[in-house]
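Working notes, structure below.
In listed order, ligands and their atoms are each counted from 1.
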Amino acid sequence: MRIDIVTALPEIVAGPLEHSILRRARQKGLVDVRVHDLRRYATDKHRTLDDYPFGGGAGMVLKPEPIFACIEALKADAEAEGGAVDEIVYLTPDGERFDQRIANELSMKQHVVLLAGHYKGVDQRVRDVLVTRELSIGDYVLSGGELPALVVVDALVRLIPGVLGDATSALSDSFQDGLLDAPAYTRPATFRGMSVPDVLRSGDHEKVAAWREAERLHKTRERRPDLLGDE
Ligand code: SAM
């Protein structure tokens with residue numbers, strides 16, 4: 001899978017890509033994540049990326065020209081390599097709410113471009129013409145789309161087969177099948193007087209699975225009844 005992140009602040013996204021699961025997935029060649037600095041596509045002397053909003057009001061707007069130039073170059077590259085960009089995602093608080101279902105869907109694409117906005121956001125013509133999907137990571141407003149883009153990258157990459165050491169791990173995570181995950185324990189078996197439930201140390205795999213399933217249901221009913229359709 002290939003993911004391109006288009007941003008005015010490439011430094012923000014660089015760090016997390018260099019650690020842990022994202023780093024290993026890239027090293028193993030399971031995902032190719034490339035970061036594109038929008039400023040390289042600004043053509044004026046000062047490499048301007050933003051401008052005042054028509055109609056006045058607070059906040060600058062990201063100009064359309066560098067974004068069109070960057071994304072058109074990415075599309076042309078993909079075509080030259082015999083492929084195509086499957087989805088151009090703009091991260092925005094007024095987008096569709098990102099969730100595990102969308103992560104699963106996007107993780108099956110070959111090539112996804114993530115566009116991070118800033119200030120008041122991007123010029124509407126970018127959204128009208130280039131963007132194929134708009135995603136929000138939650139009902140709050142951040143200053144830029146870099147952290148949301150990283151959230152999407154992380155959620156997608158861990159679903160790519162071969163990325164997690166144990167392929168079944170992602171399957172039992174919260175939301176994957178509509179339930180929250182069960183509690184997890186590790187050694188020591190007793191810590192400050194608190195003991196691990198006996199069933200987890202019984203060695204009886206069926207009983208462990210039944211206990212986990214019951215815990216998942218219980219937790220989901222308590223915390224997220226909406227997931228069970230019982231709100
Ligand atoms: N004027 C926009 C609005 O009210 O919908 C907010 C712009 S926000 C200050 C700047 C950028 O941060 C956005 O263009 C977007 O890329 C990113 N952003 C902020 N909050 C986000 C969220 N909840 N989900 C996804 N992206 C977000």
Side-chain angles (χ1 to χ4, degrees), residues 1-17 21-22 31 33-42 46-75 85-109 111-159 173-175 224 226-227:
M1 178 183 204
R2 171 157 162 196
I3 304 176
D4 290 290
I5 304 176
V6 176
T7 166
L9 289 169
E11 315 76 38
I12 295 184
V13 284
L17 298 174
I21 287 174
L22 289 178
V31 65
V33 186
R34 302 186 196 177
V35 182
H36 305 275
D37 183 354
L38 264 182
R39 216 164 277 281
R40 279 192 46 224
Y41 296 86
H46 302 291
R47 300 210 171 264
T48 314
L49 288 182
D50 57 325
D51 209 335
Y52 293 97
F54 275 118
M60 303 295 272
V61 177
L62 282 182
K63 289 163 67 56
E65 306 94 313
I67 300 177
F68 269 78
C70 177
I71 291 182
E72 281 169 357
L74 292 177
K75 283 171 142 182
V85 174
D86 296 310
E87 204 84 81
I88 298 170
V89 178
Y90 174 47
L91 285 312
T92 178
D94 58 3
E96 180 185 7
R97 182 87 63 86
F98 182 60
D99 62 12
Q100 195 64 26
R101 178 186 59 81
I102 300 175
N104 282 314
E105 202 186 306
L106 288 179
S107 73
M108 287 187 269
K109 308 265 182 197
H111 191 165
V112 174
V113 173
L114 301 174
L115 170 63
H118 264 280
Y119 318 116
K120 281 303 267 182
V122 300
D123 185 285
Q124 183 60 36
R125 289 163 290 191
V126 169
R127 301 174 71 168
D128 291 344
V129 175
L130 288 179
V131 169
T132 59
R133 189 155 193 175
E134 300 194 332
L135 296 178
S136 161
I137 61 158
D139 288 351
Y140 41 81
V141 176
L142 302 171
S143 0
E146 286 73 19
L147 296 177
L150 286 169
V151 165
V152 171
V153 170
D154 192 306
L156 259 58
V157 169
R158 64 196 305 288
L159 293 170
D173 280 333
S174 294
F175 310 113
R224 294 293 303 273
D226 56 300
L227 295 175

Protein contact of atom 20 (N) of ligand 1 - nearest heavy atom, named by residue and atom, plus distance: Leu142 N, 3.0 Å
Side-chain touch Val153/Val13, heavy atoms, less than 4.5 angstrom: no
4.5 Å side-chain heavy-atom contact, Asp173 and Gln100: no
Ligand 1 N/O within reach of Gly138 N/O, cut-off under 3.5 Å: yes
Check ion pair Asp37-Arg47 (N to O, under 4.0 angstrom): no
Salt bridge (Lys or Arg N to Asp or Glu O under 4.0 Å) contacts in which one or both residues fall within residues 139-154, not counting sequence neighbours: Arg97-Asp139
Option whose closest heavy atom lies nearest to atom 1 (N) of ligand 1, chosen from Arg127, Lys120, Arg97: Lys120
Ligand-side contact atoms (ligand 1) for residue partner Gly121, heavy atom cut-off under 4.0 Å: 14 (O)
N/O separation below 3.5 Å, Ala116 to ligand 1: no
Identity of the nearest option to atom 14 (O) of ligand 1, non-hydrogen atoms only, from Tyr140, Tyr90, Tyr119: Tyr90
Exceeds 12 heavy-atom contacts within 6.0 angstrom, atom NZ of Lys109: yes
Residue Gly145 vicinity, atoms of ligand 1 by number, heavy atom under 4.0 Å: 12 (O), 16 (O), 17 (C)
Phe175 and Arg224, any side-chain heavy atoms less than 4.5 Å apart: yes
